**Q** 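Structure incoming, see below.
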Amino acid sequence: QVQLVESGGGLVQAGGSLRLSCAASGRPFSTYAMGWFRQAPGKERSFVAAISWSGSITSYTDSVKGRFTISRDNTKNTVYLQMNSLKPEDTAVYYCAAAKSIWAVQAGNSLDAWGQGTLVTVSS
């Protein structure tokens, strides 16, 4: 089993940037595809971005394309989410997740682990 811990959330003004990190421990990190999800107040948790185990394949939900970038460093057992041009509607608790494939991450199915979440608040 892999354990995940997110960090990097905080309060930022609209148009600003934040970088979230998700540190993994336990089973070999490089065997997992990774992803980011978010849950805004009063809404269900939804997919944001995913990256394959090698980092060669990425995918994003439409609302963050061109603004967010997912990356990973397998030597540091960490996945990142660089968020630029933030908008108030990006306000949410952001979670990282691990799965056997990027397709499972995208679908939100058969996820092997979740982090505890980190709060991102974007003020207007």
Side-chain angles (χ1 to χ4, degrees):
Q1 190 75 7
V2 63
Q3 292 79 44
L4 305 173
V5 178
E6 302 96 333
S7 61
L11 174 63
V12 63
Q13 288 189 329
S17 298
L18 280 175
R19 188 176 81 157
L20 306 183
S21 299
C22 174
S25 61
R27 294 190 65 180
F29 176 70
S30 60
T31 64
Y32 287 98
M34 299 296 296
W36 289 93
F37 292 75
R38 65 186 178 186
Q39 186 167 19
K43 296 187 177 181
E44 293 186 353
R45 188 155 49 186
S46 63
F47 169 76
V48 175
I51 189 166
S52 62
W53 66 269
S54 67
S56 61
I57 303 172
T58 58
S59 67
Y60 300 90
T61 192
D62 286 347
S63 63
V64 307
K65 285 179 180 177
R67 299 189 298 123
F68 290 11
T69 302
I70 189 171
S71 62
R72 65 189 296 160
D73 185 340
N74 287 345
T75 66
K76 296 182 178 180
N77 292 349
T78 302
V79 62
Y80 305 98
L81 186 68
Q82 178 66 44
M83 306 186 294
N84 298 329
S85 302
L86 282 161
K87 305 175 181 179
E89 52 264 43
D90 294 317
T91 294
V93 177
Y94 283 72
Y95 300 88
C96 68
K100 297 295 192 295
S101 74
I102 190 172
W103 320 118
V105 175
Q106 279 185 228
N109 293 331
S110 302
L111 295 167
D112 290 284
W114 289 96
Q116 84 290 349
T118 186
L119 177 63
V120 172
T121 304
V122 184
S123 64
S124 57

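The structure presented is a predicted model; accordingly, all values stated were derived computationally and were not measured.
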**Q** What pairs with Lys65 under side chain to side chain contact (heavy atoms under 4.5 Å, CB included), at least two apart in sequence or on another chain?
**A**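 Here the qualifying residues are Tyr60, Asp62.
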**Q** Go through it in stages, so that I can follow the logic: the residues are Val105 and Met34, the test is side chain to side chain contact (heavy atoms under 4.5 Å, CB included), and I'd like the CA-CA distance, side-chain angles, deciding distance and then a yes or no.
**A** CA-CA 7 Å; Val105 175; Met34 299 296 296; over 6 Å; no
**Q** Using the test side chain to side chain contact (heavy atoms under 4.5 Å, CB included), find all partners of Ser17 that sit at least two apart in sequence or belong to another chain.
**A**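 Partners of Ser17 under the side chain to side chain contact (heavy atoms under 4.5 Å, CB included) test: Gln82, Asn84.
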**Q** Just to verify, what does Lys87 make a salt bridge (Lys or Arg N to Asp or Glu O under 4.0 Å) with, not counting sequence neighbours?
**A**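 Per chain and number, Lys87 pairs via salt bridge (Lys or Arg N to Asp or Glu O under 4.0 Å) with no residue.
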**Q** Considering non-hydrogen atoms only, spot the tightest contact between Phe29 and Asp73 and give its length.
**A**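 Taking Phe29 first and Asp73 second, the nearest heavy atoms are CE2-O, 4.1 Å.
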**Q** So, the side chain of Ser56 versus the backbone of Ser54: is there a donor-acceptor pair under 3.5 Å, distance only?
**A**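 The answer is no, because no donor-acceptor pair under 3.5 Å joins these two groups.
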**Q** Any link between Tyr80 and Ile102 through a network of hydrophobic side chains (Ile, Leu, Val, Met, Phe, Trp, Tyr) touching at under 4.5 Å?
**A**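 No: no chain of side-chain contacts under 4.5 Å links Tyr80 to Ile102.
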**Q** Kindly indicate, with the supporting measurements, whether the criterion side chain to side chain contact (heavy atoms under 4.5 Å, CB included) is fulfilled by Thr61 and Phe68.
**A** CA-CA 10 Å; Thr61 192; Phe68 290 11; over 6 Å; no
**Q** Name all residues meeting the salt bridge (Lys or Arg N to Asp or Glu O under 4.0 Å) criterion together with Arg38; count only those two or more places apart in sequence or in a different chain, and write none if there are none.
**A**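 With sequence neighbours excluded, Arg38 shows a salt bridge (Lys or Arg N to Asp or Glu O under 4.0 Å) to Asp90, given in chain and number order.
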**Q** Hey, quick one: are Val93 and Phe37 part of the same hydrophobic cluster, counting side-chain heavy atoms closer than 4.5 Å, chains of contacts allowed?
**A**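 The answer is yes; both residues are in one hydrophobic cluster.
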**Q** Test your reading of the model: is there a side-chain donor-acceptor pair from Arg72 to the backbone of Gly55, 3.5 Å cut-off?
**A**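 Checked: no pair found.
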**Q** Membership question, hydrophobic clusters at under 4.5 Å side-chain separation (ILVMFWY): are Leu18 and Val64 in the same one?
**A**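 Yes, same cluster.
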**Q** Between the main-chain N or O of Ala23 and the side-chain N or O of Thr78, is there a donor-acceptor pair closer than 3.5 Å?
**A**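 Here the side-chain-to-backbone pair does not exist.
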**Q** Considering residues at least two apart in sequence or located in another chain, which fulfil the side chain to side chain donor-acceptor pair (under 3.5 Å) criterion with Ser124?
**A**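 Side chain to side chain donor-acceptor pair (under 3.5 Å) check on Ser124 returns nothing, list empty.
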**Q** Look up atom CG in Asn74 and atom OG in Ser30, then write down how far apart they are to the nearest 0.5 Å.
**A**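 One finds 5.5 Å between CG of Asn74 and OG of Ser30.
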**Q** Between Asp112 and Ala99, which heavy-atom pair has the shortest distance, and what is it?
**A**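 Distance-wise, the nearest heavy atoms are OD2-CA, 3.4 Å.
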**Q** When you group the ILVMFWY residues by side-chain heavy-atom contacts below 4.5 Å and let the links chain together, are Ile51 and Val2 in the same group?
**A**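 Same cluster.
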**Q** Please give me the minimum heavy-atom distance between Trp53 and Thr31, naming the atom from each residue.
**A**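 What the structure gives for the nearest pair is CB-C, 4.3 Å.
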**Q** Do Leu111 and Tyr95 share a hydrophobic cluster (ILVMFWY, side-chain heavy atoms under 4.5 Å, transitive)?
**A**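 Same cluster.
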**Q** What is the distance from atom SG of Cys22 to atom CD of Glu6, rounded to the nearest 0.5 Å?
**A**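 Atom-to-atom, Cys22:SG and Glu6:CD are 5.0 Å apart.
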**Q** Look up atom CD1 in Ile70 and atom CH2 in Trp36, then write down how far apart they are to the nearest 0.5 Å.
**A**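 If we round to the nearest 0.5 Å, Ile70:CD1 and Trp36:CH2 are 8.0 Å apart.
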**Q** Ala40: what forms a side chain to side chain contact (heavy atoms under 4.5 Å, CB included) with it, not counting sequence neighbours?
**A**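 Side chain to side chain contact (heavy atoms under 4.5 Å, CB included) check on Ala40 returns Lys43, Ala92.
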